[in-house]
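Please read the structure below before turning to the comments.
All values below were derived from every heavy atom in this structure, side-chain atoms included, with hydrogens, water molecules and symmetry-related copies excluded. Naming: A, B, ... by sequence-line order, numbering from 1 per chain.
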Amino acid sequence: MTEKTWYVTTPIYYPSDNLHIGHAYTTVAADALARFHRLKGEEVWFVTGTDEHGQKISQKAHETGVSPKEFVDKIVGFIQNPLWQSLGISYDRFIRTTDWDHKRVVQSIFENLWERGDIYKGEYEGWYCLPDETFWTESKLVDGNCPDCGRPVERVKQASYFFKMSRYQDRMIQHILDHPDFIQPSSRRNEMLSFLEAGLEDLSISRTGLDWGIEVPNDPEHVIYVWFDALSNYLTAAGYLTEPERFARVWPPDVQLVGKEIVRFHTIIWPIMLMALDLPLPRRVFGHGWLLIGDTKMSKSRGNAVDPIALTKTYGVDAVRYYLLREVPFGADGSYTEDALRLLFNVDLANDLGNLLSRSTAMIDRFGQGVIPGPHPFGPLDRHLPQLAAEIYEQVDQAMSQLLISDAIGQIYRLIRAANKYIEDRAPWNLAKDPARQEELDNVLYNLAETLRVVSVLLSPFLIETPEKIRRQLGMDQPVQSYREAIYGAFQGGERIRRGEPLFPRLDLREGATAEPGAPEPAQKSADMSQANYISLDDFKKVELKVGTIRQAEAVKGADRLLKLTVFDGERERTVVSGIKAHYDPQTLVGQQVVLVANLKPVLLRGILSEGMLLAGSAGQQLSIVAPSSRLPEGARVK
RNA sequence: GGCGGCGUAGCUCAGCUGGCUAGAGCACACGGUUCAUACCCGUGAUGUCGGUGGUUCGAGUCCACCCGCCGCUACCA
């Protein structure tokens, strides 16, 4: 019986634009896990890829005057190389939802579920945004308009296929309860449980009027809708239906990394799909946080997206990987700043690790004529490093099995720091002055070489070039093959080293726009941040505030706190739904003047289109409508 | 509004089922060292463990309420 292949996935990314460092973060993390398991001797199947269907891609392609396929081919090519290439991403399969086998898998899943009665054809009724060609549920609308583009929507009924998720609700809850590790971190688990307990609706999984997608079998008017298509990629990539032998070894996924914004799809819809197919569920779905730029969300529209390729060019692959894996707490949101990267580069990579190699090889050169001495019986001071190395061997393993990548690296650094301290404690330069202490000196040099060799093994899942560089300087030519090489004692003595260039030349942190590591930095930073909280006068002018008069007011039936108001704004009467029922009697409001936010996106509240909002101040339990202190004509601009 | 989480040194955070003088990394200061990439090693915190009250022989660790922040959700707009 062969051991199960260790299967890890990243989300498949949407190639409508170039990816940024947030995507790199997830993918590098998955890569480190994959490399670690390979090093442990396990068969690994590491999959990443792209989610290529959908309206937006099709639209973008037409704008550029190419076919959707040509459009995505180009971007996907870029993602594979140079993007993932430059970060050393060692995926075993790059899946594209436009791959032939994926189409086949999605269609057979559809047919399969149809035959079982888990898919039925019904009518989808919702609000449709014509320009976006997108359906929205009432609750998603923003002031009755499309939440994406703000344009009005219309009520449309459309034939659609539905996936009977509701049928699996209880089983899903039970599965989460029975498998505490299924959703991680646990905060996400609680959220999903409360979401499930609120009740599941069947999921509409097809659309008509879309051309760029996988067709519903025997009903080519319909195209299978995004999530159903996208989530199936994890099955396709494992060889479901097309490579049965592989699938038997690979399935189910051991770890699926996802961003926190898509945890719900991966921990509810996705497992229910698998339940319906009678397939085992993934063992762990890990919802990590976002990598923020400073303290704001990264996005293309904000123009603050960081290009990972540029970073690797400036600092090298390993510095970027190290930063992502070490600095960002896996789970919570992390914050990216280039200053932090540079600081970490100097402190951890140059000072602690690079300098350790540099000073160790220098001493082997000088005191040992370039040859690692054979060890002699250890004195008490020499036993610490081997013991620590053995302990850390276990600790790293343990941390990695819990996906605590940053902690694993932290453990390796305990060993690196201990080696630096050991040099200080033993002061080899003093031992070298006394011929009677030659054996002690030999042991020190040996321990340093051996510790560095162990470090090169331990670091190899995380860093690409550095382990090789360390080994070359230690005189080793073969790359790391197995985690067991991290067991202390492989050097016999007699190996000739080859001193080389510094691993990570220190950066001058004072130069350029990057702050120096002293007091000026926080000051500068806080100034920037407070500035970020200002809006310009132009920003404010975007808000159109007008005086209006309430002409009618009534409670919204079935709502505890909503009033439906009819407000005259000088041009027309508009309906505004406001959550002030607890504070105002509808009767007393008629005739009251208010300040209206006139250009707010309409939104549907409790089935009523609310076209604007009225200003009110609140403090704790108190709430009071804001009104001009004397009567003004309706429509008067407030500014 | 509901559910959940968080609030511990200047910064980022550890502190499990309550128990000796509350920890780590970074930053900062001082001292040491010279093999090394102006590096490394050591020493240093008066931290009201968000606030108040309670349970207990004893609470950062449990309970209640309050304040602040965050996530999900909802009839927020």
Fill in: Strand-adjacent residues in residues 357-369 of chain A, judged by heavy atoms under 4.0 Å from RNA chain B
A/Ser358, A/Arg359, A/Ala362, A/Met363, A/Arg366
Fill in: All side-chain hydrogen bond (donor to acceptor under 3.5 Å, both in side chains) counterparts of A/Glu391, not counting sequence neighbours
A/Arg414
Worksheet item: If you look only at pairs with a residue in residues 343-367 of chain A, which of them pass as a ring pair (Phe, Tyr, Trp, His ring centres under 6.0 Å), with sequence neighbours excluded?
Response: A/Phe345-A/Phe504
Worksheet item: Using Watson-Crick and G-U wobble pairs whose two distances are both under 3.5 Å, how do you write the pairing of RNA chain B as dot-bracket, with | for links to another strand?
Response: (((((((..((((.....[...)))).(((((.......))))).....(((((..]....))))))))))))....
Quick test: give all pairs of protein nitrogen or oxygen and nucleotides 5-9 of chain B nitrogen or oxygen below 3.5 Å, distance rounded to 0.1 Å.
none

Item to complete: Decide whether a cation-pi geometry holds between A/Arg342 and A/Tyr315; the criteria are a distance under 6.0 Å from NZ or CZ to the six-membered ring centre and an angle within 45° of the ring axis.
Response: no
Worksheet item: Could you state the OH-C1' distance from A/Tyr413 to B/A24, rounded to the nearest angstrom?
Response: 16 Å
Discussion item. Applying a 4.0 Å non-hydrogen cut-off, can you work out what A/Asp352 is touching in the nucleic acid: base, sugar-phosphate, or nothing?
Written reply: sugar-phosphate
Discussion item. I'd like to check the side-chain hydrogen bond (donor to acceptor under 3.5 Å, both in side chains) partners of A/Gln593; sequence neighbours left out, ordered by chain and number.
Written reply: A/Thr549
Discussion item. How close do A/His376 and A/Asn443 get, counting heavy atoms only, and between which atoms?
Written reply: N-OD1, 2.7 Å
Worksheet item: Does A/Arg383 make a cation-pi contact with A/Phe378, if we ask for NZ or CZ under 6.0 Å from the ring centre and within 45° of the axis?
Response: no
Discussion item. Taking the C1' atom in each of B/G15 and B/U61, what is the distance between them to the nearest angstrom?
Written reply: 9 Å
Worksheet item: Starting at CG of A/Leu415 and ending at P of B/A24, how long is that distance when rounded to a whole Å?
Response: 19 Å
Worksheet item: Among pairs that include at least one residue of residues 398-443 of chain A, which meet ring pair (Phe, Tyr, Trp, His ring centres under 6.0 Å), considering only residues two or more places apart or in two chains?
Response: A/Tyr322-A/Tyr413
What protein N or O atoms touch nucleotides 70-72 of chain B N or O atoms at under 3.5 angstrom, if any, and at what distances?
from, atom 1, to, atom 2, distance (Å)
B/G71, O2', A/Arg188, NH1, 2.9
B/G71, O2', A/Glu191, OE1, 3.4
B/G71, O2', A/Glu191, OE2, 2.6
B/C72, O4', A/Glu191, OE1, 3.3

Item to complete: Please work out if A/Pro428 contacts a base, only the sugar-phosphate, or nothing of the nucleic acid, heavy-atom cut-off 4.0 Å.
Response: nothing
Discussion item. Nearest whole Å is fine: how far is B/C3 P from A/Leu196 CG?
Written reply: 18 Å
Worksheet item: With sequence neighbours excluded, what pairs up with A/Asp202 under the side-chain hydrogen bond (donor to acceptor under 3.5 Å, both in side chains) test?
Response: A/Tyr120, A/Ser166
Discussion item. Counting the atoms with a prime plus P, OP1 and OP2 as sugar-phosphate, which does A/Leu344 contact under 4.0 Å by heavy atoms, base, sugar-phosphate, or nothing?
Written reply: nothing
Worksheet item: Using 4.0 Å as the upper bound for N to carboxylate O, is an ion pair formed by A/Glu191 and A/Arg188?
Response: yes
Fill in: Residues forming a side-chain hydrogen bond (donor to acceptor under 3.5 Å, both in side chains) with A/Arg472, sequence neighbours excluded
none
Item to complete: Can you tell me, in whole Å, how much space there is between the C1' of B/G44 and that of B/C3?
Response: 45 Å
Discussion item. Need one value for A/Phe504: base, sugar-phosphate or nothing, where a base atom within 4.0 Å counts as base even if backbone is also close, heavy atoms only.
Written reply: base
Worksheet item: Taking only side-chain nitrogens and oxygens of A/Lys421, does any of them come within less than 4.0 Å of OP1 or OP2 of B/G42?
Response: yes
Item to complete: For A/Leu381, enumerate each residue passing the side-chain contact (heavy atoms from CB on, under 4.5 Å) test, keeping only those at least two apart in sequence or located in another chain.
Response: A/Arg426
Discussion item. Tell me the interatomic distance from A/Gln411, atom CD, to B/A14, atom P, rounded to whole angstroms.
Written reply: 15 Å
Worksheet entry | Partners meeting ring pair (Phe, Tyr, Trp, His ring centres under 6.0 Å) with A/Tyr323 (sequence neighbours left out) | A/Tyr336
Worksheet item: What is the nucleic acid contact for A/Arg417, judged by heavy atoms within less than 4.0 Å: base, sugar-phosphate only, or nothing?
Response: sugar-phosphate
